[in-house]
Amino acid sequence: MKPLTDIQLYDFLKDNHESILNDIIQMDTNRESLPADILKEIANTTVKTINSRLLDSSRFFESHLKEWADIVMKRSLQLNISVSYLADLLTHDRRIYCQYIEQFILSQGKELTLGITCHWFSLINEGFDRMLSHFIHRMDTYKNRQLSEQQRLINELSTAVIPLINQIGVLPLTGQMDSERFEFVLKAVPNQCIHLEVNHLFIDMSGIPVIDVLISEQLSRLTKMLKLLGISATISGMKPEVALYTIQSGINLSHFSTSSTLKQALRNYGVKIAP
């Protein structure tokens, strides 16, 4: 008697595709969380993906895995399916698969060895683990991309040069400034000034709670870059406690043109401001 192979279990699961699919849908439908047609779509591609794990070439499984992930990602974003919910679905589906493998094993009598039995369960479990891991990776990548895009929009909105009159611009800086955010400032602000034909920029720091050595160095870089472009700069709005901190920390801001408030800075430059 020839030993049983992965293909024979694959054929058994393929022959019972509809039965497995119905059992999965029935169990998931009882949980009343997703529309029936969506459950069927996800369950169908899940069955195909897990079955393909038993084929010799890994490319079949990888191909089905990508197809499954594409479908689940699409539905997850449409219906706000959480990772924990999907993990719960796969746990139920895994349990049903184990029942069918046990059914196949029992139907073979004494022809099976412990080794091939463990091998099958290992393949199926690995398949389910890969599916969950792949989905988590895809979802993390998507969310990180979203966060990066949101941060980019925040940076753009928070580093917008506001044109006034006579080629004067104002750059209001607010919130905590870190190296990544200031790098965006260094890249964006000079280009904005050129585009808006600004020849004097007022950098207002009244919205920044604290200044440190990093911000001082980055401010120096920014003003030097602007100077090379023929744009002069004035820093305004430094709070008394921030000024005290800079003195105590030995931060040298003497090379900056500064004013206590933006209004004062504009007046000093000759801009008429209403009282």
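Closest approach of Leu186 and Met225 over heavy atoms only: O-CE, 3.5 Å. Residue Leu201 comes nearest to Ile231 through the heavy atom pair N-CG2, 4.2 Å, listed as atom of the first residue, atom of the second, then distance. Annotation for Val185 and Pro190: closest pair O-CD, 3.7 Å, computed over non-hydrogen atoms. In terms of heavy atoms, Ser259 sits closest to Thr234 at OG-CG2, 4.4 Å. The two residues Ala233 and Ser257 come nearest to each other via the heavy atoms O-CB, 3.8 Å. Taking each heavy atom of Thr46 and Trp68 in turn, the nearest pair found is OG1-NE1, 3.0 Å.
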Side-chain donor/acceptor pairs under 3.5 Å, residues 12-21, sequence neighbours excluded:
unit_1	atom_1	unit_2	atom_2	d
Asn16	ND2	Phe12	O	2.7
His17	NE2	Asn44	OD1	2.9
Ser19	OG	Tyr100	OH	2.4

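Gln8 places a side-chain N or O within donor-acceptor distance of the main-chain N or O of Thr5, the cut-off being under 3.5 Å. Without hydrogens or angle criteria, Gln192 side chain to Val161 main chain gives a donor-acceptor distance under 3.5 Å. Of the possible polar contacts, none joining the Ser63 side chain to the Arg59 backbone as a donor-acceptor pair under 3.5 Å is found. Side chain of Thr223 to backbone of Ser220: a donor-acceptor contact under 3.5 angstrom is found.
By the 4.5 Å heavy-atom criterion applied to side chains, Glu41 and Ile38 are counted as neighbours. When side chains are defined from C-beta on, Ile24 does not count as touching His92, because their heavy atoms never get closer than 4.5 Å. Counting heavy atoms from C-beta on, the side chains of Met205 and Leu219 come closer than 4.5 Å. Counting heavy atoms from C-beta outward, Trp120 and Leu54 have side chains that approach closer than 4.5 Å. Between Ile162 and Pro172 there is a side-chain heavy-atom pair separated by less than 4.5 Å.
By the side chain to side chain donor-acceptor pair (under 3.5 Å) test, Lys227 pairs with no residue at all, sequence neighbours left out. Partners of Glu149 under the salt bridge (charged side-chain N to carboxylate O under 4.0 Å, His left out) rule, at least two apart in sequence or in another chain, are Arg152. Residues passing the salt bridge (charged side-chain N to carboxylate O under 4.0 Å, His left out) test with Glu183 are Arg221, sequence neighbours excluded. For Arg181, there are no salt bridge (charged side-chain N to carboxylate O under 4.0 Å, His left out) partners at least two apart in sequence or on another chain. Annotation: side chain to side chain donor-acceptor pair (under 3.5 Å) contacts of Asn125 (sequence neighbours excluded): Arg94. In this structure Gln167 satisfies the side chain to side chain donor-acceptor pair (under 3.5 Å) test together with Asn199, sequence neighbours excluded. By the side chain to side chain donor-acceptor pair (under 3.5 Å) test, Ser236 is found to be paired with Asp204, residues two or more places apart in sequence or in another chain being considered. The salt bridge (charged side-chain N to carboxylate O under 4.0 Å, His left out) check on Arg95 picks up nothing, with sequence neighbours excluded. With sequence neighbours left out, Tyr269 forms a ring-ring contact (aromatic ring centres under 6.0 Å, His included) with His200, Phe202.
Counting non-hydrogen atoms of neighbouring residues, nucleotides and ligands closer than 6.0 angstrom, the CD atom of Gln78 exceeds 12 such neighbours.
Note: the hydrophobic cluster containing Leu229 also contains Ile235 (ILVMFWY, side chain heavy atoms under 4.5 Å, direct or indirect links). One hydrophobic cluster, built from ILVMFWY side chains closer than 4.5 Å, cannot hold both Phe61 and Ile71; they sit in different ones. Clustering ILVMFWY residues whenever any of their side-chain heavy atoms sit less than 4.5 angstrom apart, transitively, puts Phe184 in a cluster other than the one holding Leu222.
Between Asn51 and Tyr97, the side chains place a donor N or O and an acceptor N or O closer than 3.5 Å (distance only, hydrogens not considered).
Residue pairs meeting the ring pair (Phe, Tyr, Trp, His ring centres under 6.0 Å) criterion with at least one partner in residues 129-162, sequence neighbours excluded, are absent. Applying the ring pair (Phe, Tyr, Trp, His ring centres under 6.0 Å) test to pairs two or more places apart or on separate chains, none has a residue in residues 152-174.
Salt-bridge annotation for Arg138 and Asp70: present, with a side-chain N of the basic residue lying under 4.0 Å from a carboxylate O of the acidic one.
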